[in-house]
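One structure is given here, and the rest of the page talks about it.
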There are 2 protein chains.
Amino acid sequence: MVRAGLTVERLTRAGAELADEVGFDQVTVSALARRFDVKVASLYSHLKSSQDLKTRIALFSLAELADRVAAALAGRAGRDALAAFADAYRDYAKEHPGRYAATRLRLDPETAAASAGVRHAQMTRAILRGYDLTEPDQTHAVRMLGSVFHGYVSLETSGSFSHTAVDLEESWSWIVDSLDTLLRTWTPGRTPS
Amino acid sequence: MVRAGLTVERLTRAGAELADEVGFDQVTVSALARRFDVKVASLYSHLKSSQDLKTRIALFSLAELADRVAAALAGRAGRDALAAFADAYRDYAKEHPGRYAATRLRLDPETAAASAGVRHAQMTRAILRGYDLTEPDQTHAVRMLGSVFHGYVSLETSGSFSHTAVDLEESWSWIVDSLDTLLRTWTPGRTPS
DNA sequence: CGCGGTTGCCTAAATGCATTAGGCAACCAC
DNA sequence: GTGGTTGCCTAATGCATTTAGGCAACCGCG
């Protein structure tokens with residue numbers, strides 16, 4: 001009886017692929033076992049639980065996405081950086097919908113703190129260094145960028161935008177441009193009137 | 001043997017309450033049966049499937065939210081309307097997290113077309129009538145507003161914003177104000193420079 | 001008032017996923 | 001080669017979904 005050679009890493013990668021194929025919610029220990037042509041119970045030597053599997057896929061995806069964003073950001077600043085960041089994010093979601101969904105998994109605080117999630121926050125702040133924002137405006141802006149990008153990707157993916165004919169690429173650049181304008185024309189301490 | 005008096009409507013309402021209590025993902029035909037102190041199979045006279053139940057909860061929540069937004073919007077225009085819309089949305093998600101999550105359920109096209117989702121789109125467009133936008137900018141703006149609001153609510157709910165001390169209410173008004181400014185200073189046909 | 005049809009909730013059973021316990025064989029190091 | 005470790009297995013339990021078929025409660029009609 002030849003062994004399958006399972007490892008946590010291989011299982012996590014395969015889980016990520018499975019997520020892309022059938023959706024993150026449909027990722028199941030059973031389905032993963034089937035993919036390795038192995039009995040379900042065998043996976044429990046490597047994974048603590050179904051939740052454990054999902055968490056690992058989330059952490060993997062978070063790190064992968066952070067790497068992509070970092071690469072896209074290299075050598076760019078200002079609006080260029082903003083657009084690169086936005087595109088890296090959106091492209092990842094298009095290319096790997098299941099993994100993207102995985103990055104939205106709610107992690108418990110310690111796990112989150114040790115995850116690539118903190119790199120995401122750092123990179124968002126790095127982009128804002130190209131604009132003239134100080135605290136607490138910078139935090140507000142971080143939250144706004146996160147909201148817009150995640151919201152757009154999430155709504156686009158779920159088909160909420162497909163009821164109108166207007167081009168999705170066009171809306172995307174319109175939004176990115178608008179955000180750039182907004183951040184550039186922001187005056188520190190300003191109260192919008 | 002006294003009958004329980006189940007109806008699709010009561011099941012849907014109870015399902016919505018259950019969603020708020022345990023999360024939309026945890027809504028299950030079994031749990032609902034337990035709540036009515038009835039055997040699981042009994043629900044299948046009223047519901048086609050678990051998916052059917054979830055869809056009904058989604059439609060119910062979508063309509064309820066649309067009603068709230070409509071009420072909040074009554075008699076308001078411009079920035080007032082924008083803020084009222086935003087708050088109605090966010091307050092609903094805070095008050096009814098399970099129902100809010102339900103509104104994000106992916107519906108098949110015909111169901112979506114017959115849902116209160118179209119009212120949401122109409123109301124968003126109504127708000128933009130207070131600003132000087134023409135097509136296709138208006139559609140871009142609809143998408144941006146949807147993205148920001150949904151994104152913020154979604155990230156706030158999932159705890160993604162709780163790593164920083166800055167007040168969430170403050171960020172929220174900052175963002176709403178920024179959007180108002182952005183839309184007011186938008187010049188038709190403009191290409192942001 | 002009672003009778004008959006309809007409808008509502010039931011029991012029973014099949015299927016699938018998650019999870020644990022315990023066993024045996026393959027593999028690695030010596 | 002042999003002994004310990006580790007990996008995958010069989011077996012079993014619990015819970016959710018879903019379907020089939022039955023009986024009793026309820027409603028309208030005479």
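Model, not experiment: these values are computed from the prediction. Here is the naming used below: chain letters follow the sequence lines, and residue numbers restart at 1 for every chain.
- Atom CZ of A/Arg35 has more than 12 heavy atoms from other residues, nucleotides or ligands within 6.0 Å.
- Hydrophobic clustering, with ILVMFWY side chains joined whenever heavy atoms are under 4.5 angstrom apart, groups A/Phe161 together with A/Phe149.
- Whole-Å rounding puts the B/Leu18 CG to D/dA16 P distance at 12 Å.
- Atom-to-atom distance recorded for B/Leu168:CG and A/Arg143:CZ is 4.5 Å, nearest 0.5 angstrom.
- As a whole-Å value, the separation of B/Asp52 CG from D/dT19 P is 11 Å.
- For the segment residues 21-30 of chain B, the set of residues with a heavy atom within less than 4.0 Å of an atom of DNA chain C is empty.
- A salt bridge is absent between B/Arg90 and B/Glu95; no separation between the charged side-chain nitrogens and carboxylate oxygens falls under 4.0 Å.
- Protein atom CZ of B/Arg10 is 14 Å distant from nucleotide atom C1' of C/dC9, rounded to whole Å.
- The closest side-chain heavy-atom distance from A/Asp177 to A/Arg79 is below 4.5 Å.
- Between B/Arg34 and D/dA16 there is a side-chain polar atom (N or O) within less than 4.0 angstrom of OP1 or OP2.
- Taking a cutoff of 4.0 Å between a charged side-chain nitrogen and a carboxylate oxygen, B/Arg119 and B/Asp67 qualify as a salt bridge.
- A/Leu32 has its CG atom 15 Å from the C1' atom of C/dT19, to the nearest Å.
- For residues 37-49 of chain A, proximity to DNA chain C is found at A/Val40, A/Ala41, A/Tyr44, A/Ser49, defined as any non-hydrogen atom under 4.0 angstrom from a strand atom.
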Donor-acceptor contacts under 3.5 Å from residues 97-114 of chain B side chains, at least two apart:
residue, atom, partner, partner atom, Å
B/Arg99, NE, B/Asp20, OD2, 2.8
B/Arg99, NH1, B/Glu64, OE1, 2.9
B/Arg99, NH1, B/Glu64, OE2, 3.1
B/Tyr100, OH, B/His150, ND1, 2.9
B/Thr103, OG1, B/Tyr100, O, 2.5
B/Arg104, NH1, B/Tyr89, OH, 3.4
B/Arg106, NH1, A/Thr157, O, 2.8
B/Asp108, OD1, B/Thr111, OG1, 2.8
B/Asp108, OD2, B/Thr111, OG1, 3.1

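- Ion pair B/Arg125/B/Glu135 flagged as a salt bridge, since at least one NZ, NE, NH1 or NH2 atom sits closer than 4.0 Å to an Asp/Glu carboxylate oxygen.
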